[in-house]
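Presented below is the structure to which this report refers.
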Protein chains: 2
Amino acid sequence: MAATSNKELKKVLRAHELKATSQRIALLKLLNSTQDHLDAEEIYFELYNQQKNVSRATVYRSLEALVAQELVSKLDFGDGRSRYERSKGDDEHHDHLICEKCGKVIEFFNLEMEAQQLSVCEEHFFTPTTHTMYIFGTCADCRPPNST
Amino acid sequence: MAATSNKELKKVLRAHELKATSQRIALLKLLNSTQDHLDAEEIYFELYNQQKNVSRATVYRSLEALVAQELVSKLDFGDGRSRYERSKGDDEHHDHLICEKCGKVIEFFNLEMEAQQLSVCEEHFFTPTTHTMYIFGTCADCRPPNST
DNA sequence: GCGTAAATGAGAATCAGTCTTATTTTGAGG
DNA sequence: CCTCAAAATAAGACTGATTCTCATTTACGC
């Protein structure tokens with residue numbers, strides 16, 4: 001799927017008019033290697049453990065640049081911090097179900113819903129760029145077994 | 001529509017097991033009086049101007065209590081702060097289109113979309129409590145007239 | 001290899017929101 | 001209306017996430 005070698009990542013960065021610094025490469029590599037929705041502190045800590053010598057400021061600045069170039073997606077689960085994941089193509093777009101009890105995040109994609117969103121935009125002569133759709137509630141594991 | 005006299009607001013608060021303090025009444029009155037999506041600082045400033053003598057801490061604490069009682073809704077437009085509006089009944093539920101150029105917020109309601117959300121939840125054995133659905137983009141006024 | 005614009009590191013600064021503590025207020029009971 | 005305990009408040013200290021500042025380092029076109 002996504003580029004993983006240093007050489008490939010370098011190309012990707014250059015293609016987006018971003019200088020290919022070791023910090024940005026390490027950051028992209030990290031996001032490519034996980035399915036988790038990492039926050040800035042987790043990213044900082046992980047890179048620190050990898051002896052990558054990346055400052056917190058650089059983590060934030062790099063993420064900002066990568067999000068602007070749509071190489072990374074910024075997520076907001078409503079807990080007061082931003083999370084990030086490797087950006088997926090339109091064909092991999094998804095939204096999230098968030099369990100308020102255990103914090104689990106379930107990704108989903110629903111074509112009808114996306115279509116409805118477009119039709120709402122049309123009604124209002126609105127040109128959409130992105131959207132956020134989070135459904136909060138209780139996941140199957142946290143739901144008492146006797147309830148429906 | 002919603003209660004507006006001090007007496008009525010007092011009743012509403014008491015009905016929700018909240019002591020009817022002057023600060024909470026002023027806060028509810030303010031939210032009842034506007035269609036805007038105010039943030040905590042704006043609320044604090046407005047009450048300060050009204051000589052209501054409400055501290056910032058009280059604004060936050062009161063909002064928290066009112067949100068817990070569903071008298072007020074908390075919104076997150078992704079700009080790093082929470083916004084609040086008078087809570088509307090289920091029949092008044094709506095989502096938001098947010099213009100990234102002028103900041104305008106357009107409210108909408110789409111039954112199919114709500115239905116799709118429920119069906120997604122069912123598929124995942126997920127019990128929803130609330131959801132946030134924000135579509136970001138460009139509103140009609142900010143869209144260049146020659147584009148579709 | 002050189003030079004410069006861009007990126008980074010370290011830590012100060014900011015900003016929304018929360019917490020602490022002493023003081024004030026509400027509302028139940030008489 | 002008066003009393004009192006529990007709850008709420010004011011003021012400002014504190015926190016945690018994020019941004020900014022500025023001196024230093026690095027990428028990369030030539």
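Just so we're on the same page: letters track the sequence lines, and every chain starts at 1.
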I'd like to know if the side chain of [X] reaches the main chain of [Y], judged simply by a donor and an acceptor atom lying under 3.5 Å from each other, with no hydrogens or angles considered.
{"X": "Thr130(A)", "Y": "Phe136(B)", "result": "no"}
{"X": "Asp36(B)", "Y": "Leu38(B)", "result": "no"}
{"X": "Arg83(B)", "Y": "His37(B)", "result": "yes"}
{"X": "Thr58(B)", "Y": "Val54(B)", "result": "no"}
{"X": "Arg81(A)", "Y": "Asp39(A)", "result": "no"}
{"X": "Ser87(A)", "Y": "Glu70(A)", "result": "yes"}

Take atom [atom1] of [X] and atom [atom2] of [N], then tell me their distance rounded to the nearest Å.
{"X": "Tyr44(A)", "N": "dG16(D)", "atom1": "OH", "atom2": "C1'", "result": "15 Å"}
{"X": "Leu13(A)", "N": "dC28(D)", "atom1": "CG", "atom2": "P", "result": "9 Å"}
{"X": "Glu41(A)", "N": "dT18(D)", "atom1": "CD", "atom2": "P", "result": "9 Å"}
{"X": "Glu64(A)", "N": "dA7(C)", "atom1": "CD", "atom2": "C1'", "result": "13 Å"}
{"X": "Leu27(B)", "N": "dA8(D)", "atom1": "CG", "atom2": "P", "result": "14 Å"}
{"X": "Lys74(B)", "N": "dA16(C)", "atom1": "NZ", "atom2": "P", "result": "14 Å"}
{"X": "Glu42(A)", "N": "dA17(D)", "atom1": "CD", "atom2": "P", "result": "10 Å"}
{"X": "Arg81(A)", "N": "dT19(D)", "atom1": "CZ", "atom2": "P", "result": "15 Å"}

| If you take atom types as modelled and just measure distance, does the side chain of Arg61(A) reach the base of dG9(C) with a donor-acceptor pair under 3.5 Å? | yes
| request: Ignoring hydrogens and angles, answer whether the base of dA16(C) and the side-chain atoms of Arg56(B) contain a donor-acceptor pair closer than 3.5 Å. | output: no
So what does [X] hit on the nucleic acid, given a heavy-atom distance under 4.0 Å: a base, only sugar-phosphate, or nothing?
{"X": "Gln23(A)", "result": "sugar-phosphate"}
{"X": "Arg24(B)", "result": "sugar-phosphate"}
{"X": "Asp39(A)", "result": "nothing"}

| query | Hey, would you say the His96(B) and Phe108(B) ring centroids sit under 6.0 Å apart? | reply | no
| request: Nearest-nucleotide wise, let me know which of Ser82(A) and Lys52(B) is further upstream toward the 5' end of DNA chain D. | output: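 The residue mapped nearer the 5' terminus is Lys52(B).
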| said: Side chain of Ala57(B), heavy atoms from C-beta onward: which of dA16(C), dC22(D), dA11(D) has the nearest atom to it? | reply: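 Of all the options, the side chain of Ala57(B) is nearest to dA11(D).
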| said: Side chain of Thr58(B), heavy atoms from C-beta onward: which of dT8(C), dT18(C), dT9(D) has the nearest atom to it? | reply: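 Given the options dT8(C), dT18(C), dT9(D), the side chain of Thr58(B) is closest to dT9(D).
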| task | Produce a footprint string for nucleotides 24-30 of chain C: one letter per nucleotide, 5' end first; B if the base is under 4.0 Å from any protein heavy atom, S if only the sugar-phosphate is, - if neither. | result | --BSS--
| For dG17(C), does OP1 or OP2 lie under 4.0 Å from any side-chain N or O of Tyr60(B)? | yes
